Amino acid sequence: MVPDVSTGSDSRGLIAYLFGPGRRDEHTNPHIVAAWDMAGAPDPGRDPAATYTQLAKRLDHHVDLRTRELGGKKPPQHVWHCPVRTAPGDRYLTDNEWAEVARRVVHATGIAPEGDERACRWIAVRHADDHIHIMATTVRADGRHPRTHQDGRRAQAECRRIEAEFGLRRLKSGDLTAPRTPTGAERAKAERQGQSVTARQWLRERAYAVAAAVHTEADYFTVLQSLGIKVKTRLGPESGDVIGYSLAAPGDTNSAGDPVWYGGSKLAPDISINRLRERLPDQEIADRPRFPADPAEPWQHTIAAIQMAHTALDSDDDAAAQGHLAAFGDALYNIASATPGPHRAELRAAASAYNRARRSATRADHQAAHALRQAAKELAYASNEPGGLAIALLFATVHLARAAAKWHEQRGHEQQAAAADEALRHLQAGYQQAATPVLADLTRRAPRAETARRFEQDLRAALPDHADHIMADPSWAALTTTLARAETNGHNARRLLVQVGTARELDSAERPAEVLNWRIIAQPNRRTQAAQSRSTFRQASLVPSAQDTSAAPVARRAEDRGRRR
């Protein structure tokens, strides 16, 4: 059951909507199911003699009195509105049940405490099977305003209790860090235009994807504009600095033909201008090469940073852990953009699903996660991944997503834990799509029996407690191929097994050979490293030209995520 509290100033307009046909004639049998006074509330839905104006006047009676007391100044935002909707698949609620829901919500939020004869006037209108609209005017009979502090959170808590008592689907409790949901009007507009998502949702996805890839605030706005998104900044009156911004999707206009603007904080709390600045510097970092000499480096750096994030989640520093969870959200967008193949759709879905898991009431220490965020940004400018590094990276994301879900669950972050679980399912599906044919190919290329026996001896010497479990894994043959290639790249197989086998515990791994396979693939090529250290190329040759360091690669990647319009 989902309540959604908001305020406004037009009581008659809201009444006309509640009792009207709806924007798509979707309102059926609108009528009042509960009110401050069922005998004294005119019901335009059931009483032919009742009008919208009569009902509005009855609701606004105390507002009008208060207006006269204030010398003609009507209190701003004096209309309180709270739709309450059951979850998809919930049973049908009767009018009497909806009336009880309404009375409990106005009591919990402070609009009309039970037994308070001077409480605000309110009505609850039902015009569909699955929801009601509670409307109130926020001036009491004694002229005071109701105590509605944290009314949204209190409505949520009461709905959780109602769900349990009514036998409805139990939704996850929130912590006021969720982004705004699209309104009914926004959803109806998207349907009319044949779009699968609303403009608000489309803009939010593009904003997250661009913020994950760019390095500066200026690049953020430049790339958004290159995608056809309109950008409007708000400047401080004295400093002239940007203090806020709004975005408008291409072709999204109101009835007057003007763009429909959404403020950054209204898209999501962590893409407001202040939250962005915590992650993006004002100016470009000087002498920072974006294109490494070895194309494997961005992938290896990101894998290493994701593995380091596990340590942060295991620590007692919740701020650092929250910073890594936020950076992981950025990384998922860049991984999805940089990874080719049919599994890209699952990775994009994972990035979108994870967005709710990247925020909580715990303030993030973004500096603690600087390595993960910067490593992930390298992927926005990297060439297609060399070898199986992309799959090794996917394997690492699966384990970090699982750890993120556990971290949130341990702290009672129900919505975030559910979002991380959903992202985990998409990542697992994407990993399986990508890894299955590669593991099969490695198995087909397994070295001859003599070499495999030598690797068995190395394994028993390096990881004696895990050797039997590893060799029983169906991926053991694939691992021998990877060990053979590692030797070709300059590694010692036994020392390498010790290194990757003790990096993190293997006891809980169902497929330990598969785990070791991707850990080894993620290791740097020692021969390549040696060649680079002997190179006499000038450092300047590693720094890209001004044209290469522009935001164009990011724009192409973001645009490739699929246009809405």
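Remember, predicted model here, so these are calculated numbers, not experimental data. Each residue takes its place number in the sequence, starting with 1.
A donor-acceptor distance shorter than 3.5 angstrom exists from the side chain of Arg200 to the backbone of Lys266, with no hydrogens or angles considered. With Arg121 contributing its side chain and Asp60 its backbone, the two residues share no donor-acceptor pair below 3.5 Å. Under a 3.5 Å cut-off, the side chain of His78 and the backbone N or O of Thr137 do not form any donor-acceptor pair. Looking only at distances, a side-chain donor or acceptor of Tyr354 sits under 3.5 Å from a matching main-chain atom of Leu325. The closest donor-acceptor contact from the side chain of Arg160 to the backbone of Met1 lies under 3.5 Å. A donor-acceptor pair is defined here as one N or O able to donate and one able to accept, closer than 3.5 Å; no such pair exists between the side chain of His127 and the backbone of Val125. With hydrogens and angles ignored, the 3.5 Å screen pairs no side-chain donor or acceptor of Lys232 with any backbone N or O of Leu247. At least one donor-acceptor pair closer than 3.5 Å links the side chain of Asn254 to the backbone N or O of Asp258. Side chain of Gln225 to main chain of Tyr220: no donor-acceptor pair is present (N/O by atom type, distance under 3.5 Å, no hydrogens or angles).
Ring pair His27/Tyr17: centre-to-centre distance below 6.0 Å.
Annotation for Arg46: atom CZ counts as buried by contact number, over 12 foreign heavy atoms lying within 6.0 Å. Other residues, nucleotides and ligands contribute only 12 or fewer heavy atoms inside 6.0 Å of the CD atom of Glu409. By the 6.0 Å contact criterion, CD on Glu114 is open, its count of non-hydrogen atoms from other residues, nucleotides or ligands being 12 or less. The 12-atom threshold is exceeded at CD of Gln77, counting heavy atoms of other residues, nucleotides or ligands nearer than 6.0 Å.
Both tests pass for Arg126 against the ring of Tyr92: distance under 6.0 Å to the centre and angle within 45° of the axis.
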For side chain to side chain contact (heavy atoms under 4.5 Å, CB included), just list the numbers for Leu347 and Thr397, CA-CA rounded to whole Å, side-chain angles, deciding distance to a tenth of an Å, and then say yes or no. CA-CA 10 Å; Leu347 305 187; Thr397 65; over 6 Å; no
For Arg140 and Asp116, run side chain to side chain contact (heavy atoms under 4.5 Å, CB included): C-alpha distance rounded to whole Å, both residues' side-chain angles, the deciding distance at 0.1 Å, then the answer. CA-CA 10 Å; Arg140 295 166 43 88; Asp116 187 347; 2.6 Å; yes
Residues Arg104, Glu165; criterion salt bridge (Lys or Arg N to Asp or Glu O under 4.0 Å); working and verdict: CA-CA 12 Å; Arg104 291 177 63 166; Glu165 295 175 25; 2.7 Å; yes
List the steps, then state whether side chain to side chain donor-acceptor pair (under 3.5 Å) holds for Thr362 with Asp318. CA-CA 7 Å; Thr362 301; Asp318 280 7; 5.0 Å; no
Could you walk me through whether Phe19 and Ile32 pass the side chain to side chain contact (heavy atoms under 4.5 Å, CB included) test, one step at a time? CA-CA 9 Å; Phe19 289 94; Ile32 293 176; 3.7 Å; yes
Residue pair Asp130, Arg85: steps toward the salt bridge (Lys or Arg N to Asp or Glu O under 4.0 Å) verdict: CA-CA 6 Å; Asp130 64 347; Arg85 185 181 302 271; 3.3 Å; yes
Show, in sequence, the C-alpha distance, side-chain angles and deciding distance for Glu278 and Asp270, and conclude whether the side chain to side chain contact (heavy atoms under 4.5 Å, CB included) test is met. CA-CA 10 Å; Glu278 292 176 355; Asp270 51 346; over 6 Å; no
Apply salt bridge (Lys or Arg N to Asp or Glu O under 4.0 Å) to Glu186 and Lys189, showing your working. CA-CA 5 Å; Glu186 291 170 2; Lys189 184 177 183 180; over 6 Å; no
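Nearest heavy-atom pair across Arg344 and Ala336 is NE-O, 3.1 Å. Residue Arg373 comes nearest to Asp330 through the heavy atom pair NE-OD2, 3.1 Å, listed as atom of the first residue, atom of the second, then distance. When all heavy atoms are compared, the tightest approach of Ala211 to Leu280 is O-CD2, 4.2 Å. Across all their heavy atoms, Pro75 and His145 have their closest contact at CB-CE1, 4.0 Å. Of all the heavy atoms in Ser265 and Ser272, the pair that sits closest is CB-CB, 3.7 Å. Of all non-hydrogen atoms in His343 and Gly430, the two that sit nearest each other are CB-O, 3.5 Å.
Here the CG atom belonging to Leu379 is positioned 7.5 Å from the OG1 atom belonging to Thr339, to the nearest 0.5 angstrom. Atom CD1 of Ile162 is separated from atom CG of Leu168 by 9.0 Å, given to the nearest 0.5 angstrom. With rounding to the nearest 0.5 angstrom, the CH2 atom of Trp36 is 14.0 Å from the CD1 atom of Ile111. Note that CZ of Arg348 is 13.5 Å distant from NE2 of His426, once rounded to the nearest 0.5 Å. A distance of 9.5 Å separates CZ of Arg144 from SG of Cys120, quoted to the nearest 0.5 Å. For the atom pair Arg154 CZ and Glu158 CD, the distance stands at 11.0 Å (nearest 0.5 Å).
Between Leu400 and Leu313 the shortest side-chain heavy-atom distance falls below 4.5 Å. Counting heavy atoms from C-beta outward, Gln410 and Lys406 have side chains that approach closer than 4.5 Å. The shortest distance between side-chain heavy atoms of Val210 and Leu227 falls below 4.5 Å. Taking the side chain as every heavy atom from C-beta outward, Ile273 and Arg277 approach each other to under 4.5 Å. Counting heavy atoms from C-beta outward, Pro44 and Leu55 have side chains that approach closer than 4.5 Å. Ser11 places none of its side-chain heavy atoms less than 4.5 Å from the side chain of Leu14. Inter-residue side-chain proximity for Ile271 and Tyr245 is flagged as met; some heavy-atom pair is nearer than 4.5 Å. Taking 4.5 Å as the limit, some side-chain heavy atom of Asn355 sits within range of a side-chain heavy atom of Tyr333.
No side-chain donor from either of Asp252 and Trp202 sits under 3.5 Å from a side-chain acceptor of the other. No side-chain donor-acceptor contact under 3.5 Å links Glu346 and Tyr431. Donor-acceptor pairing under 3.5 Å is lacking for the side chains of Arg58 and Gln54.
The aromatic rings of His81 and His133 lie parallel to each other, with less than 30° between the two planes, well short of the 60° mark.
Across Arg359, Arg356, His408, a single residue satisfies side chain to side chain donor-acceptor pair (under 3.5 Å) together with Gln415, and that is Arg356.
Between Glu97 and Arg91 there is a salt bridge, since at least one side-chain N of the basic residue sits less than 4.0 Å from a carboxylate O of the acidic one.
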